Amino acid sequence: MRLDVADLAFGYPGKEVGRGVTFGLAGGEVLCLLGPNGGGKTTLFKTILRLLAPRGGRVTVDGEPIAGWSRGRLARVFGYVPQAQLGLFPFTVAETVLMGRTAHIGPFATPSRGDRAVAEEMLAVLGIGHLAARPYTEISGGERQLTLIARALAQQPAILVMDEPTASLDFGNQVRVLGEIEQLARRGIAVMLSTHDPDHAFLCAHRVALLHRGRLARLGPPDDVITRESLREVYGIEVTVTEVPRADGRISRVCVPTLSPDARGILPGHPGHPS
Amino acid sequence: MSPDSISALRLSLQVAVAATALNALVGIPIAYALARRRFWGKSLVDLLVTLPLILPPTVVGYYLIVLLGRRGLLGAPLYHATGWTVAFTWYAAVIAATVMALPLLVRTVRAAIESVDRDLERAAYTLGRSELRTVLEVTLPLARNGILAGLVLAFARALGEFGATLMLAGNIPGRTATVPLSIYTAVQTGESGEALALVVVLTALSCVVLIAANRLGARTA
């Protein structure tokens, strides 16, 4: 399925966060949303998912506006992985993942054997089958993140929206999640994720959108978007973008920042700039 | 107690239970709309629902007569169509008590709904639950204690309603004379024993209700 966002304006009642956001996302593609804190990434996601009312523009799936879709239909197309939070209720990991089947279950029915099988399969896919009986409130942050991804996958969505799926994960789990994202795209799912780490975008994204002050500052392949100039413009820091060979023989780009006080305080556009 | 006092007690309980049920039916949706929805005329609804709290009950009763009396805005067409009028019936006492109790219920329930984490509702939405089912399965269960406290307050207010009831329903023994009205009549006619009995019963009932409300409030906090 293909997602198109056209001239979207988004924000909260009485407060606009961003506008003029236009991009498309096809099945099998990974789009990485990059940008400073408060740039509007989460608000944009929530607006695309209709958790917030759009202030302008429109969102279509295969050309059809989703504005009138029921929540059930939305949930069968869009899977959402929110930023992992401490759980409030001690549902087990298996129950949490099973909740992903909500939109596939009839109005007064309970989950079928098939639904349970899908949930179990997703636990296995993410390698957290051994956690199935543990309460969601008592597992680690990384395990919670993997549980939420499994839940979204149990929805069997065509489009997966992930809000900082690597935040608060240790290095190993970050890499595991990025690897999972690559696998999902190979299966034909359209994946949209936000991250704070440009290196993650280099690793898994086909395209990168740079969201700055509620507008798309750049949009394109990672190599074109993540540059010394664009990061200086958006973050007000100095970075060197360089290429390193990987163990698997391929080449990865990485960003290496410079920790100079000059770069932090004097560059125009940075909050600390005296102008 | 005299048979009149017993029937007043039974009537009062009947009226209060019916008014509480109506409050739940009407007030909880209003409270939800005020807490969660944005709609045209929202502040007007808020104002109308709150007014009975600050207006003298007789003023509310007067408005109810203007609206529902035999020559009222709604009452006249109803009378012409059916030959029946709500004024001076048991139903009038229920309507008066409902309107007077509504602000307490709506304000309590609204606060309870507003304190429910919206992200929990959003989680239900992203998993495909409709707004109605999210309200029934997520929002209201989480606001349960506040809703119960609001219903208890509404019940207590309905039980003690005097002014608006007198205006719209009158003071007809056995039909519209609730306990507060019967106490008034008993005092006016010098039956101080009857008055005292009813006062004691109503005080005891109110204490029970208040203790229940406090218990619920403590559990909410």
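Just so it is clear: chains get the letters A, B, ... in the order the sequence lines come, proteins before strands, and each one is counted from 1. Only a predicted model underlies this, so the values are computations on that prediction, with no experimental measurement involved.
Looking at A/Arg58 and A/Pro65, their side chains come closer than 4.5 Å, going by heavy atoms from C-beta outward. Between A/Ile48 and A/Val5, the closest side-chain pair of non-hydrogen atoms falls below 4.5 Å. Within the 4.5 Å cutoff, the side chain of A/Val59 has no heavy atoms near those of the A/Pro54 side chain. Two residues are said to be in side-chain contact when any heavy atoms from C-beta on lie closer than 4.5 Å; A/Thr92 and A/Pro135 fail this criterion.
Proximity to chain B among residues 143-166 of chain A is limited to A/Arg151, A/Gln155, judged by heavy-atom separations below 4.5 angstrom. Among the residues in residues 26-43 of chain A, none has a non-hydrogen atom closer than 4.5 angstrom to a non-hydrogen atom of chain B. At a heavy-atom cut-off of under 4.5 Å, chain A is reached by B/Asp119, B/Leu120, B/Arg122 from residues 88-123 of chain B, listed in order of number. Using a 4.5 Å cut-off between non-hydrogen atoms, the part of residues 129-137 of chain B that approaches chain A consists of B/Arg129, B/Ser130, B/Arg133.
Using a 4.0 Å cut-off between charged side-chain N and carboxylate O, A/Arg73 and A/Glu64 make a salt bridge.
For a residue to count as touching a neighbouring chain, one of its non-hydrogen atoms must lie under 4.5 Å from one of that chain's; by this rule A/Leu88 touches chain B with the side chain only. Heavy-atom distances place both the backbone and the side chain of A/Leu51 under 4.5 Å from chain B.
A/Arg71 places no side-chain N or O within 3.5 Å of a backbone atom of B/Thr126 that could act as its donor or acceptor partner. The closest donor-acceptor contact from the side chain of B/Asn23 to the backbone of B/Ala19 lies under 3.5 Å. Here the side chain of A/Arg50 pairs a donor or acceptor atom with the backbone of A/Ile66 at under 3.5 angstrom.
Taking a 6.0 Å sphere around CZ of A/Arg19, one finds it holds 12 or fewer heavy atoms contributed by other residues, nucleotides or ligands.
Between A/Pro13 and B/Arg38 the shortest heavy-atom distance is CB-NH1, 3.3 Å. Smallest separation of non-hydrogen atoms from A/Asp4 and A/Gly24: OD1-CA, 3.5 Å.
No hydrogens or angles considered: a donor-acceptor pair under 3.5 Å links the side chains of A/Asp115 and A/Ser112.
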